[in-house]
Undergrad: 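Sharing a structure below in structure tokens format, with a few things to ask.
Below, read A as the first sequence line, B as the second, and so on, with proteins coming before strands; counting in each chain starts at 1.
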Amino acid sequence: MSLAMETSPSQGNGDEKPSETVKIPDRLLKRDQARLEEAERRKDIKEGRSVTEEKSDFFSTTFNTERATIDELLSICTEANRENATKILEEATVKTQQLQKFLNDSMMFLTPYELRQAQATLQVLLSTISEKRDDILPKKKFAFKSRNVKSKPAESPSTSITELPKSASNRDTDADAAVTPVQCVFSNVDSQVLIKRADEIQQQDVLLTHLTNCKVRLLGSPSTLHIKHVRDCEIMSGPVSSSVFVDQCTGSTLAFPCQQLRTHNTKDTQIYLHVTSRAIIEDCQGVSFAPLTWTYSNMDADFAVSGLDKNRNNWDQVDDFNWLAFDTPSPNWTVIPVSDRKTSWDDLVPASSE
Amino acid sequence: MGLLTILKKMKHKEREMRLLMLGLDNAGKTTILKKFNGEDVSTISPTLGFNIKTLEHRGFKLNIWDVGGQKSLRSYWRNYFESTDGLVWVVDSADRLRLEDCRQELSALLTEERLAGATLLVFANKQDLPGSLSKEAIQEAMALDDIKTHHWCIIGCSAVTGENLLMGVDWLLDDIAARIFTTE
Ligand SMILES: Nc1nc2c(ncn2[C@@H]2O[C@H](COP(=O)(O)OP(=O)(O)OP(=O)(O)O)[C@@H](O)[C@H]2O)c(=O)[nH]1
Ligand SMILES: [Mg+2]
């Protein structure tokens with residue numbers, strides 16, 4: 001075993017660095033101090049739980065009081081009250097930001113449930129502020145998210161180079177240069193039918209990238225599947241043992257069984273899914289889901305190869321990482337209505353593309 | 001001296017360590033944590049917040065924090081830095097398209113003052129995948145040789161097979177222990 005170990009003795013030590021050199025606002029120092037004290041108390045008491053509860057109590061009391069104040073500010077912030085409204089809105093915004101900060105600083109004491117609830121509350125406050133702002137100051141649109149999904153045109157280096165991109169220089173990380181022949185890659189194809197059989201993809205990590213207007217069939221069980229920079233495609237795959245990672249996909253239809261689905265920067269895409277743990281979306285719009293209906297002759301055998309549970313499908317439990325309000329559904333994804341679901345799929349014969 | 005020193009001393013009596021596990025989404029952090037703990041890894045979902053596990057290993061009490069790596073969660077990472085003894089950076093060795101992203105996130109972490117005293121273990125995960133890059137390639141892509149501020153080590157591993165997980169954690173514990181338990 002060769003451990004690449006750095007032996008230089010230099011050891012940063014957080015303790016010995018008071019912050020004289022850097023100017024840190026008092027407010028932050030105080031908060032940091034408070035946090036350290038809290039951390040100490042936590043350690044001090046053998047049974048850490050009681051302190052956590054206490055802290056968590058303190059958190060919810062403070063959080064709710066602040067939230068009520070902001071709610072109140074927002075309620076008096078009406079068009080009738082226009083001259084003051086701007087100032088009040090400003091105050092509400094600042095207070096909401098402080099509340100966000102307070103939440104961030106308290107995170108380590110909170111249960112995931114409390115955290116999500118608090119984040120949901122903040123989401124609501126932020127959108128209310130946004131709406132108010134639109135009402136009162138119609139000209140200056142206040143935008144929280146300006147994530148327009150732009151798909152970049154495909155640059156075309158399709159060559160397989162075994163070298164890694166050496167650090168920095170290129171900020172765009174999509175450097176396809178890092179693709180080596182060991183990985184199964186299908187890239188830079190326009191308007192074709194691509195059919196891959198088990199002998200090519202079985203338990204391989206497969207990458208589909210820079211495809212436009214293609215029909216892809218992966219008739220086997222990939223170990224993992226990456227789909228990136230894809231437009232107007234129909235991509236189907238046999239059972240994927242671990243995760244499917246989708247990024248920058250537009251106007252496409254996807255179908256596969258997998259353990260996890262992670263969807264990013266994707267727009268107007270339908271996904272026919274069998275997922276044994278969870279599907280998530282991040283920075284997506286117009287993604288819709290339905291249970292998997294596509295099959296092929298050897299699918300059962302490939303299910304066995306993949307190790308996926310055929311009887312467990314959480315296709316409609318989608319977590320949107322940009323939408324933590326779990327009591328209101330995310331606007332970024334929908335369930336495809338039963339009547340609109342595709343039930344028959346083109347039976348592509350491998351020879352047909354030749 | 002500072003509260004942190006006191007904190008550390010107290011912690012050391014209990015032979016307790018705090019490990020923070022970070023990395024891009026899909027790297028395999030949660031899978032590593034569960035595998036290490038002997039749990040089922042087939043039901044793991046992408047992490048929405050964080051997981052904490054307290055384990056006993058070689059007489060140490062390990063508090064392992066596994067924080068979600070999705071882009072929208074990365075700004076929260078800093079909330080977990082405090083009192084970290086060991087940073088475990090997990091890389092998906094088969095995700096070639098995001099290596100640069102991965103390098104940048106790591107190098108940003110290493111400039112964090114609150115992580116200054118932490119030992120760094122890099123897991124080049126998913127070595128079981130046929131298309132994965134070797135640990136040497138990951139070492140280069142992450143520019144590990146440029147790190148002068150932290151003790152570090154890279155281990156190629158697979159969370160699915162469990163290969164080398166123990167070796168990585170043992171190295172980390174040894175390095176931390178040598179640093180903080182023996183000086184008193
Ligand atoms: N083949 C293979 N797959 C792995 C390995 N480790 C993790 N995976 C798979 O990779 C996917 C992501 O794993 P997770 O553990 O959820 O990743 P994570 O780093 O916790 O992701 P976030 O919670 O989003 O930050 C899952 O489908 C795992 O089964 C590995 O060593 N080999
Ligand atoms: Mg996770």
Undergrad: Give the member of A:Q203, A:R312, A:H264 that has the highest number of heavy-atom pairs under 4.5 Å with chain B.
TA: A:H264
Undergrad: So which part of B:N51 gets closer than 4.5 Å to some heavy atom of chain A, the side chain, the backbone, both or neither?
TA: neither
Undergrad: Please classify the contact of B:V160 with chain A as side chain, backbone, both or neither, using a heavy-atom distance under 4.5 Å.
TA: neither
Undergrad: What residue in B:A94, B:P46, B:G68, B:C102 has the most heavy-atom pairs under 4.5 Å with chain A?
TA: B:P46
Undergrad: Please state whether the side chain, the backbone, both or neither of B:S42 comes within less than 4.5 Å of a heavy atom of chain A.
TA: backbone
Undergrad: Examine the side chains of B:D66 and B:T30 and answer whether a donor and an acceptor come within less than 3.5 Å of each other.
TA: yes
Undergrad: Just give me the residue among B:N26, B:D95, B:T43 that pairs up with chain A most often, heavy atom to heavy atom, under 4.5 Å.
TA: B:N26
Undergrad: Hey, which of B:V41, B:L48, B:L129 has the most heavy atom pairs under 4.5 Å with chain A?
TA: B:L48
Undergrad: Check step by step if side chain to side chain contact (heavy atoms under 4.5 Å, CB included) holds for A:I281 and A:T266.
TA: CA-CA 8 Å; A:I281 60 173; A:T266 288; over 6 Å; no
Undergrad: Report the C-alpha separation of B:F36 and B:L166 in whole Å, then their side-chain angles, then the decisive distance to 0.1 Å, and conclude whether the side chain to side chain contact (heavy atoms under 4.5 Å, CB included) test is met.
TA: CA-CA 8 Å; B:F36 190 73; B:L166 210 55; 3.4 Å; yes
Undergrad: Let me confirm one number: the CD-OG distance from A:E282 to B:S72, rounded to the nearest 0.5 Å.
TA: 3.5 Å
Undergrad: Before you tell me yes or no, could you show the steps for A:V206 and A:F186 under side chain to side chain contact (heavy atoms under 4.5 Å, CB included), namely the whole-Å CA-CA distance, both residues' side-chain angles and the distance that decides it to 0.1 Å?
TA: CA-CA 8 Å; A:V206 179; A:F186 306 108; 4.1 Å; yes
Undergrad: Of the backbone (N, CA, C, O) and the side chain (C-beta and beyond), which part of A:F245 lies under 4.5 Å from a heavy atom of chain B, both, or neither?
TA: side chain
Undergrad: Could you check B:I52 against B:Y80 for side chain to side chain contact (heavy atoms under 4.5 Å, CB included), going step by step and ending with a plain yes or no?
TA: CA-CA 11 Å; B:I52 315 167; B:Y80 303 87; over 6 Å; no
